[in-house]
Amino acid sequence: MELKKQLGKRIKELREQRNFSQEYIAEQLDIHPANYWRIENGVSYPKPENLEKICEILKVNIQELFIFDHLKNIEEIKLELQDIINSDESLTRLIYKFVKTLKD
């Protein structure tokens, strides 16, 4: 996934965790809601000054906006899990116990 899309997904994730609307963030940034939508949907990058404001609004540091590991699509996750299962028996057992605990 390209950087713009990952950044947009991450910003959206953090915004939703705080129960902010896109309109609220756009208003705080003093930009049109359609322009903010373009940021969240990976169509365009935020300007550096808006990136800084986004961090302030969401109360995160800049590094937190670029944590993408958990944003992988389901196919990538499945492939990674398959690799783990095929290569590490003890880790496979641990994953199984964890999943079993969650389901019970």
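Computed from a predicted model, the values in this text were never measured in an experiment.
No more than 12 heavy atoms of other residues, nucleotides or ligands sit less than 6.0 Å from atom CG of D30. More than 12 heavy-atom neighbours from other residues, nucleotides or ligands sit within 6.0 angstrom of CZ on F66. The local environment of CD in E16 is crowded, with over 12 non-hydrogen atoms from other residues, nucleotides or ligands closer than 6.0 Å. No more than 12 heavy atoms of other residues, nucleotides or ligands lie within 6.0 Å of NZ in K12, so this atom counts as exposed by the packing criterion.
One hydrophobic cluster, built from ILVMFWY side chains closer than 4.5 Å, holds both F68 and I39. A single hydrophobic cluster is not seen to contain both L79 and I74; linkage of ILVMFWY side chains at heavy-atom distances under 4.5 Å, directly or through other members, places them apart. No continuous path of hydrophobic side-chain contacts links I85 to L94 [ILVMFWY only; heavy atoms under 4.5 Å].
Side-chain contact between V99 and I95 is present, with at least one heavy-atom pair separated by less than 4.5 Å. I54 places none of its side-chain heavy atoms less than 4.5 Å from the side chain of L14. For the pair K97 and K100, the minimum side-chain heavy-atom distance is 4.5 Å or more. Annotation: side chain of E52 is in contact with side chain of E56 (closest heavy-atom distance under 4.5 Å).
The nearest pair of heavy atoms linking L65 to R10 is O-CG, 3.2 Å. When all heavy atoms are compared, the tightest approach of L29 to K53 is CD2-CB, 3.4 Å. Closest non-hydrogen pair, L51 versus L7, comes out as CD1-CD2, 4.4 Å. Considering every non-hydrogen atom in both A26 and P33, the closest pair reads CB-CA, 3.7 Å.
Between Y24 and F20, the two ring planes are tilted [angle within 30° to 60°].
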Open item on the list: If you apply the rule side-chain contact (heavy atoms from CB on, under 4.5 Å), what do you find for Q6 with E2, and how did you get there?
Closed with: CA-CA 6 Å; Q6 288 178 315; E2 67 179 273; over 6 Å; no
Open item on the list: Determine whether K9 and E13 satisfy the following criterion, salt bridge (Lys or Arg N to Asp or Glu O under 4.0 Å), listing intermediate values before the conclusion.
Closed with: CA-CA 6 Å; K9 279 180 89 170; E13 175 188 43; over 6 Å; no
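Taking CG of N41 as the start and CD1 of I11 as the end, the distance is 11.0 Å to the nearest 0.5 Å. Distance check: I57 CD1 to K59 NZ gives 9.0 Å after rounding to the nearest 0.5 Å. Atom CD1 of residue I31 and atom CZ of residue R38 lie 10.5 Å apart, to the nearest 0.5 angstrom. With rounding to the nearest 0.5 angstrom, the CG atom of L91 is 12.0 Å from the CZ atom of F98.
Other members of the hydrophobic cluster containing V43, listed by chain and number, are W37; membership follows side-chain contacts under 4.5 Å among ILVMFWY residues, whether direct or relayed.
One finds a salt bridge joining R15 and E40 here, because a Lys/Arg side-chain nitrogen approaches an Asp/Glu carboxylate oxygen to under 4.0 Å.
E64 places a side-chain N or O within donor-acceptor distance of the main-chain N or O of N61, the cut-off being under 3.5 Å. Under a 3.5 Å cut-off, the side chain of N50 and the backbone N or O of P46 do not form any donor-acceptor pair.
Among residues two or more places apart in sequence or in another chain, the ring pair (Phe, Tyr, Trp, His ring centres under 6.0 Å) test is passed with Y96 by none. Applying the salt bridge (Lys or Arg N to Asp or Glu O under 4.0 Å) test to E49 and every residue at least two apart in sequence or in another chain returns nothing.
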